[in-house]
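The next block holds one structure in the form of structure tokens; read it before the comments.
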Amino acid sequence: MNKANTVTNADITAVFDRVADLLEFTEANPFRIRAYRSAARTISSMIESLASLRENSTRTFTDIEGIGTDLSHKIEVLLETGSLPLLEELEASVPPGVFAIMRVPGLGPKKAKILFEKLHIESLESLENACREGRVATIRGFGEKTQQSILDNMAFAKSDQHQRLLWEDADGIMQDVLAYMKQSFAARTVEGAGSWRRGCETVGDLDLVVESDDPTTVMNHFAEWNGTTVVLLRGDTKMSIRGPRETQIDLRVVTHDSFGCALQYFTGSKEHNVLLRSRAREHNLTLNEYGVFDGFQASETSVPEKMSVNVIHAEKGKWIAGRTEEDVYKAIGLPWIPSEMREGRSEITLAEEGRLPRLVQLSDVRGDLHMHTTATDGENTLEEMVQAAIERKLEYIAITDHGQRVTMARGLNAKRLLNQWGEIDRLNDSLSKHGKPAIVVLKGIEVDMLEKGGLDLPDNVLEQADWVVASLHYGQSQPREKITSRILEAISNPHVSVIGHPTGRLINRRQAYDVDMLTVIQSAAKYGTFLEINANPWRLDLNDIHAAAAQKAGVKLVISTDAHSTQGLRQMRHGILQARRASLASQDIANTRSLSELRTIMKKRTRIQ
DNA sequence: ACGGAAG
DNA sequence: CGGCCTTCCGT
Ligand SMILES: Nc1nc2c(ncn2[C@H]2C[C@H](O)[C@@H](COP(=O)(O)OP(=O)(O)OP(=O)(O)O)O2)c(=O)[nH]1
Ligand SMILES: [Mg+2]
Ligand SMILES: [Mg+2]
């Protein structure tokens, strides 16, 4: 990020988020911090780059929600110079080690600052020493217990177990803990919530809600789970443990009448909750995890013991709703909002206007259009993949092994590819020998968009394909213009059906390559090229933001597993979650069509047989 | 009772 | 010019 024209939205987002982190430490008023956080959030959800917006535009940065003259000016500076004086000053004044210190559970910005000012602690090591020597306990606001808890949490703070889990891994743990909690006789209903329920790409911790009249028994049961390593905290209504893979699991126990509200609350997101609660307030209602109440409640009813719904119900008659999520949203004048959409972006407005889409679901999927076999880097043969697809009740699949550029996978040259297509022809023939075939197998290929432009197989081969996925595996660190033009070239190729995993990112492992997604989407719309939502839990691109933008531009999405084994076909559900987070309906997805319908919406010059 | 951290 | 409402812990 040193040249002006290389400053991306992601860079600006990172700078603003970093400024917010630093401000948190240096005192700073919460509103200012919030302003930076919210600006970062907004910018990260825009697909048009601020750089190009500045060039073209009648619009200015101040038109962007949450950005006023000050932040607008800072964006200008960032775009011009690639750096921000404020950031440099803050970095200079905040010791780098404090962020490690704030990762110790129980230590936030205030306490970290005190430790720094009173004991000059700016690293985990010096913090550990100070605790050992008993110096921490002498500070006002700290004591023996705090000191001991810091020591207890030292190993965790030092470890690198802070990474968020892939949704798939979180789901494994979630299924275990849900099944276990359901065994408790005191638990009437058990549901997973939080980012897991919203289908986020990654999950920081697991959250669950239990309906019960007997929280003590439920919490004892939770403590006795064999996945529980430590009980982190435990009160009357909530409890947290550390579970498998050092993952924190938060449990909230509520009564029957509060269950809907509690599930809504614990599902979040935080931003969605804040908007929903503000909206309740505008209607002269109060929303919390116990119910929807008439009037403003918070201040007067903060006697904790009285927070049971029964009491409020009886003595005030103010309780309006809370048993189911649907009741809760209805009480606030809204239809129920699917959990995947609850990110505090535009879902509340959509709901208000009755414009919520009917989201795509797994059972809508009729075909899978990206997968590999043993011909390249797959683990199963063509026949095995087809058999597995039949068992999954798919109506059609495309076999899309790698083209020859991917030497590591023994990518196919024209000869081997035509050979495979011959096999597919024979397979289709034998499948349709006794009438309507159980499945149709499309002759496909995953071609590579080469470093120098062009594809790794010639048009006279591709024109014989039923389905062509074009992906970019090499030269991923080229500059934005290069990458973008390679992709644009493929989009305009009449034989290319879809762009595979269009950003190349691997979650928690590898950044997306730098690409002008707005232009890619506009071009895909123009040429009728589809864009993929890759269902591999490491990829999941296009992501929710990009996929939503593509849909708005009129691009059809294809959700594909990119399976490298028969088991890989099961990953479709992850792609569906991502599509739902993008607010997509079945009609936005090409592979929810029957094969004949799919043919009618494909771009003209790709022949499909 | 309060501040801080957290959900 | 300032977004919501709550629980738990330690002092
Ligand atoms: N009203 C309100 N609800 C909150 C707040 N913070 C968290 N929540 C709710 C919404 C969250 O989705 C839910 C669970 O909190 P988590 O910290 O576990 O966040 P979440 O699961 O969304 O993301 P994660 O992947 O765990 O980081 O609690 C808050 O400040 N106000
Ligand atoms: Mg969570
Ligand atoms: Mg949580």
Side-chain angles (χ1 to χ4, degrees), chain A residues 24-25 27-39 41-42 65-71 101-115 136-150 152-153 193-197 203-209 215 219 231-241 248-254 258 261-283 285-293 296-308 312 322 328 332 344 348:
Chain A
E24 220 154 43
F25 182 77
E27 56 88 35
N29 100 38
F31 300 107
R32 185 149 175 242
I33 299 168
R34 206 180 283 153
Y36 279 94
R37 288 226 187 282
S38 110
R41 218 179 106 84
T42 308
E65 193 173 295
I67 294 183
T69 52
D70 182 62
L71 288 181
I101 287 163
M102 289 194 291
R103 284 211 303 271
V104 177
L107 295 186
K110 298 271 167 56
K111 286 188 169 166
K113 193 169 184 219
I114 293 169
L115 288 168
V136 167
T138 65
I139 303 173
R140 189 182 143 127
F142 293 73
E144 285 294 337
K145 293 196 173 181
T146 304
Q147 183 170 278
Q148 190 53 48
S149 135
I150 292 171
D152 293 344
N153 281 304
S195 51
W196 171 81
R197 182 162 178 245
V203 173
D205 69 4
L206 297 179
D207 306 279
L208 46 147
V209 190
M219 292 201 272
V231 175
L232 298 169
L233 59 83
R234 178 174 170 161
D236 298 329
T237 66
K238 75 185 246 198
M239 172 170 164
S240 298
I241 62 136
Q248 182 170 331
I249 308 183
D250 298 329
L251 169 72
R252 196 77 202 245
V253 187
V254 297
S258 292
C261 267
L263 182 59
Q264 188 289 314
Y265 152 71
F266 226 26
T267 298
S269 65
K270 179 188 176 218
E271 289 75 13
H272 177 85
N273 287 356
V274 168
L275 289 175
L276 206 63
R277 288 171 181 207
S278 311
R279 191 190 147 88
R281 195 153 256 274
E282 286 162 21
H283 291 233
L285 300 167
T286 301
L287 169 63
N288 60 28
E289 59 265 52
Y290 299 101
V292 183
F293 301 86
F296 297 136
Q297 251 224 306
S299 45
E300 45 170 321
T301 320
S302 54
V303 188
E305 293 79 30
K306 303 254 164 175
M307 254 314 192
S308 123
I312 291 165
V328 173
I332 305 171
I348 294 189

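We name chains A, B, ... by the order of the sequence lines, and we start the count at 1 in each one.
- The CD-P distance, from A/Gln148 to C/dC9, rounds to 17 Å in whole Å.
- With rounding to the nearest 0.5 angstrom, the OG atom of A/Ser278 is 10.0 Å from the CG atom of A/Leu287.
- Following rounding to the nearest Å, A/Asp236 (CG) and C/dC9 (P) show an atom-to-atom distance of 9 Å.
- Using a 4.0 Å heavy-atom distance criterion, A/Phe266 is classed as a sugar-phosphate-only contact.
- Spacing between atom NE2 of A/His283 and atom P of C/dC4 amounts to 15 Å, rounded to whole angstrom units.
- Across all strands, A/Glu282 comes closer than 4.0 Å to no nucleic acid atom at all (heavy-atom distances).
- What separates CD of A/Glu271 from P of C/dG2 is a distance of 21 Å, to the nearest Å.
- Candidate nucleotides C/dG10, C/dC8, C/dC4 were compared by shortest atom distance to the side chain of A/Lys238, and C/dC8 ranks first.
- The distance between atom NE2 of A/His272 and atom P of C/dC5, rounded to the nearest whole Å, is 15 Å.
- Nucleotides of DNA chain B with any atom under 4.0 Å from a heavy atom of chain A span, from 5' to 3', B/dG4 to B/dG7.
- The distance from atom NZ of A/Lys111 to atom P of C/dG10 is 9 Å, rounded to the nearest whole Å.
- Looking at the side chain of A/Thr146, the nearest of the listed nucleotides C/dT7, C/dT11, C/dG3 is C/dT11.
- Where A/Ile139 and A/Leu233 each meet DNA chain C at their nearest nucleotide, the meeting point lying more 5' is that of A/Leu233.
- Considering only residues two or more places apart in sequence or on other chains, A/Lys238 meets the salt bridge (Lys or Arg N to Asp or Glu O under 4.0 Å) condition with none of them.
- The shortest distance between side-chain heavy atoms of A/Asn273 and A/Gln264 falls below 4.5 Å.
- Between A/Glu289 atom CD and C/dT7 atom P there is a gap of 6 Å when expressed in whole angstrom units.
- Note that the OG1 atom of A/Thr146 and the CG atom of A/Leu107 stand 8.5 Å from one another [nearest 0.5 Å].
- If A/Asn273 and A/Arg252 are placed on DNA chain C by their nearest nucleotide, the residue sitting closer to the 5' end is A/Asn273.
- The CG atom of A/Leu232 sits 12 Å away from the P atom of C/dG10 (whole-angstrom rounding).
- Comparing C/dC4, C/dT11, C/dT7 against the side chain of A/Arg281 picks out C/dC4 as the nearest.
- Listed by chain and residue number, nothing satisfies the ring-ring contact (aromatic ring centres under 6.0 Å, His included) test with A/Phe266 (two or more places apart in sequence, or in another chain).
- Within 4.0 Å (heavy atoms only), A/Leu287 reaches sugar-phosphate atoms of the nucleic acid but no base atom.
- The phosphate of C/dG2 (OP1 or OP2) has no side-chain N or O of A/Tyr36 nearer than 4.0 angstrom.
- Residues passing the salt bridge (Lys or Arg N to Asp or Glu O under 4.0 Å) test with A/Glu24 are A/Arg37, sequence neighbours excluded.
- By the side chain to side chain contact (heavy atoms under 4.5 Å, CB included) test, A/Asp70 is found to be paired with A/Tyr36, A/Lys74, residues two or more places apart in sequence or in another chain being considered.
- By the side chain to side chain contact (heavy atoms under 4.5 Å, CB included) test, A/Ser195 is found to be paired with A/Arg164, A/Arg198, A/Cys200, A/Val203, residues two or more places apart in sequence or in another chain being considered.
- If you check C/dC5, C/dG10, C/dT7 against the side chain of A/Asn288, the one that comes closest is C/dC5.
- Across all strands, A/Pro109 comes closer than 4.0 Å only to sugar-phosphate atoms, never to a base (heavy-atom distances).
- Among C/dG2, C/dC9, C/dT7, the nucleotide with an atom closest to any side-chain atom of A/Arg34 is C/dG2.
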